[in-house]
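Both ligands and their constituent atoms are indexed starting at 1 by order of listing.
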Amino acid sequence: MGMEYTLTVMVMVMVLVLSALRNFSGASEGEECEKRWIHIRKLPSRFNLDLLANCSEYPMLEDLCPYLGNHGLGQKTHNRSHSWYRTDPSMLELIFHRRMLEYPCLTEDPIQANAIYLPYYAGLDALRYLYGPEYNSSAEHGVDLFKFLQQDKPQIWKRHMGHDHFVVMGRPAWDFSQPLTRDTPTWGTSFLELPEFYNITALTLESRAWPWQEHAVPYPTSFHPSNLPLLQSWLNRVRRSKRSILAVFAGGGGLSSTPNIRRSIRTECENATSDCRLVDCSNGVCEHDPIRFMRPMLQASFCLQPPGDTPTRRSTFDAILAGCIPVFFEDLSAKFQYGWHLPESEFEEFSVFIPKEEVVFRGMRILDALQRIPRPVVFRMRDRIFDLIPSVLYRKHNCSPALATRKDAFDLAILGTFLKIQSRLRDL
Ligand SMILES: *[C@@H]1O[C@H](CO)[C@@H](O)[C@H](O)[C@H]1NC(C)=O
Ligand SMILES: *[C@@H]1O[C@H](CO)[C@@H](O)[C@H](O)[C@H]1NC(C)=O
Ligand SMILES: *[C@@H]1O[C@H](CO)[C@@H](O)[C@H](O)[C@H]1NC(C)=O
Ligand SMILES: *[C@@H]1O[C@H](CO)[C@@H](O)[C@H](O)[C@H]1NC(C)=O
Ligand SMILES: *[C@@H]1O[C@H](CO)[C@@H](O)[C@H](O)[C@H]1NC(C)=O
């Protein structure tokens, strides 16, 4: 195991370097890139590749090595699969890094750049603080990076005092938001609380209720097409799919006796027989096995997205990918999160909102509420969901030129990042 993955990592490093060279020489120029230049900051390998080499050694976690394959997409689900991978969303940092290397407007010159990308695998580096052995020094997460940025070519940071820098963090922002003043450590590192990093933009899987640095981007799903026909054939399959189940919930929890939304869903769904389907994802059995939940989602009109440990779920994006209309129980689950990809002002056009208090404390029945939505409205919502699919998925790196013209989750995240950075620079 260890040997094989050491090799995988070495191959990855080589491919990263090679593709960086190839793409740099092929960078397009002129108007297309105006105000869109990005400089990739060169960081010592302890901030990225070394963290991959340690993939089997993180305490309290399963072996992460299999998820590094295919530049963070993970292993294919089957040998003959073209587009489906066992993707772990925490590999967002790798997936972004790989895609950034083929971004068409890269520049070696930081002065010409409109944004500076820090290829730092912040979430992977956080593991030693989150799960030990450095649990008690989680206020130091990021200090070493900041020191490096001040010592090595400090003029790059100084030019805009970090306001033009961005980083990808493949976890909820909550995991990086422990107040510095806390005496006894609680969950999380303090990366986003460090004054040193107030000025940067962070792309996270979930933002806080009142985000300052961060903006949320979609969780990676398991579908990563590499050309237009592969995307098209999936879209056709989604459109043609017969939806004989009213609602699906793919998840775990809801087994305790205290009232909460997951428990309400479970009891209602267990009683409902044909209208509702529970896909048991307890103990993480679904995480790297998309077939378990994609099939039922393809057969359902609505996919229930209750909050769990945190308000957001990867399942929201699996559902959209399956053409299944998401049902939210609080606004923090998506509406106040993914504005770059799921426009906040149009939320009612492609999703259903049922306040969790109504269900848990006032006896509102979810399935009744969904049943009452007129069929033409359901069809309209589903059409909007179909339109959203290409923009919430992360296509495969090195894809066909035709597919590259369709903006995916990465492209929209970069556009959003530029807007955020521009507004920060304007406010200086
Ligand atoms: C990788 O793991 C080794 C041993 O567990 C540790 O000494 C080293 O600091 C780790 N490297 C990184 C970059 O975390
Ligand atoms: C996939 O193919 C490789 C060699 O081509 C083989 O070693 C492996 O067992 C296959 N895996 C599965 C799941 O069929
Ligand atoms: C953290 O500090 C607490 C209290 O001082 C101690 O009991 C615990 O063992 C420490 N944890 C680690 C991982 O060092
Ligand atoms: C962040 O920006 C402010 C100005 O907006 C500046 O005063 C401060 O020094 C910057 N912080 C760092 C760490 O560069
Ligand atoms: C489930 O069904 C049983 C028996 O039909 C009924 O007593 C119970 O109230 C139902 N529970 C819910 C949550 O509908």
Side-chain angles (χ1 to χ4, degrees), residues 35 37-44 46-47 50-51 54-64 90 109-169 171 173-204 207-208 210-215 416-428:
K35 299 219 164 70
W37 291 105
I38 293 180
H39 172 73
I40 302 180
R41 197 60 223 262
K42 284 188 191 60
L43 298 180
R46 67 176 185 278
F47 294 114
D50 289 356
L51 299 166
N54 269 8
C55 58
S56 63
E57 286 162 34
Y58 290 106
M60 285 173 65
L61 294 176
E62 57 171 326
D63 184 353
L64 299 179
S90 69
D109 176 10
I111 304 289
Q112 192 198 3
N114 306 99
I116 311 280
Y117 166 58
L118 295 176
Y120 169 50
Y121 300 161
L124 286 176
D125 200 19
L127 295 175
R128 59 197 165 108
Y129 302 109
L130 295 176
Y131 298 102
E134 291 174 60
Y135 184 76
N136 286 338
S137 41
S138 56
E140 278 158 36
H141 180 208
V143 171
D144 185 27
L145 175 66
F146 189 73
K147 250 189 230 148
F148 172 81
L149 295 174
Q150 300 312 300
Q151 282 161 7
D152 180 80
K153 307 200 184 78
Q155 68 280 8
I156 301 181
W157 179 275
K158 278 217 194 85
R159 192 159 77 104
H160 294 298
M161 290 167 294
H163 286 281
D164 56 349
H165 283 50
F166 71 101
V167 66
V168 179
M169 311 179 91
R171 305 182 67 94
W174 171 248
D175 291 351
F176 307 105
S177 309
Q178 183 184 151
L180 287 163
T181 49
R182 203 58 71 82
D183 293 334
T184 47
T186 53
W187 178 254
T189 80
S190 302
F191 187 97
L192 292 174
E193 296 286 322
L194 288 178
E196 287 90 329
F197 287 115
Y198 277 168
N199 297 345
I200 65 162
T201 291
L203 307 184
T204 57
S207 66
R208 290 165 288 185
W210 288 276
W212 169 241
Q213 298 106 320
E214 77 271 20
H215 198 287
T417 301
F418 277 123
L419 290 179
K420 194 165 157 76
I421 287 177
Q422 275 160 22
S423 80
R424 276 174 172 272
L425 294 178
R426 259 199 311 275
D427 291 347
L428 274 187

Those atoms of ligand 3 less than 4.0 Å from some heavy atom in Pro133: 13 (C)

Whether Phe197 lies under 4.0 Å from ligand 4, heavy atom: no

Atom 13 (C) of ligand 4 - nearest protein heavy atom and its distance: Glu196 O, 3.5 Å

Shortest protein heavy-atom distance from atom 1 (C) of ligand 4, along with the residue and atom involved: Asn199 ND2, 1.6 Å

Under-4.0 Å heavy-atom contact between protein and atom 5 (O) of ligand 3: no

Tyr198, portion touching ligand 4 at heavy-atom distance under 4.0 Å: neither

Per-atom contacts of ligand 4 with Leu428, taking only distances under 4.0 Å to non-hydrogen atoms: 5 (O)

Centroid-centroid under 6.0 Å between Phe191 and Trp174 rings: no

Expected output: side-chain Asn114 to main-chain Trp37 donor-acceptor under 3.5 Å: yes

Sole candidate of Glu193, Lys420, Arg424, Arg208 that passes side chain to side chain donor-acceptor pair (under 3.5 Å) when paired with Gln213: Arg208

Exam field: side chain Ser190 to backbone Gln178, donor-acceptor pair closer than 3.5 Å: yes

Cationic N near anionic O, under 4.0 Å, Arg41 to Asp152: yes

With Phe166, the ring pair (Phe, Tyr, Trp, His ring centres under 6.0 Å) member among Tyr117, Phe197, Phe418, Tyr120: Tyr117

contact_flag His163 ligand 4 heavy-atom lt 4.0 Å: yes

Leu130 side chain reached by Arg171 side chain, heavy atoms, under 4.5 Å: yes

Crowding at CH2, Trp212 (>12 non-hydrogen neighbours, <6.0 Å): no

Geometric N/O contact Tyr135 with ligand 3, under 3.5 angstrom: no

Atom 7 (O) of ligand 4: nearest protein contact (heavy atom, Å): Met161 SD, 4.3 Å

Atom 8 (C) of ligand 3 - nearest protein heavy atom and its distance: Asn136 ND2, 3.7 Å

Nearest neighbour in protein (non-hydrogen) for atom 14 (O) of ligand 4: Trp157 NE1, 3.0 Å

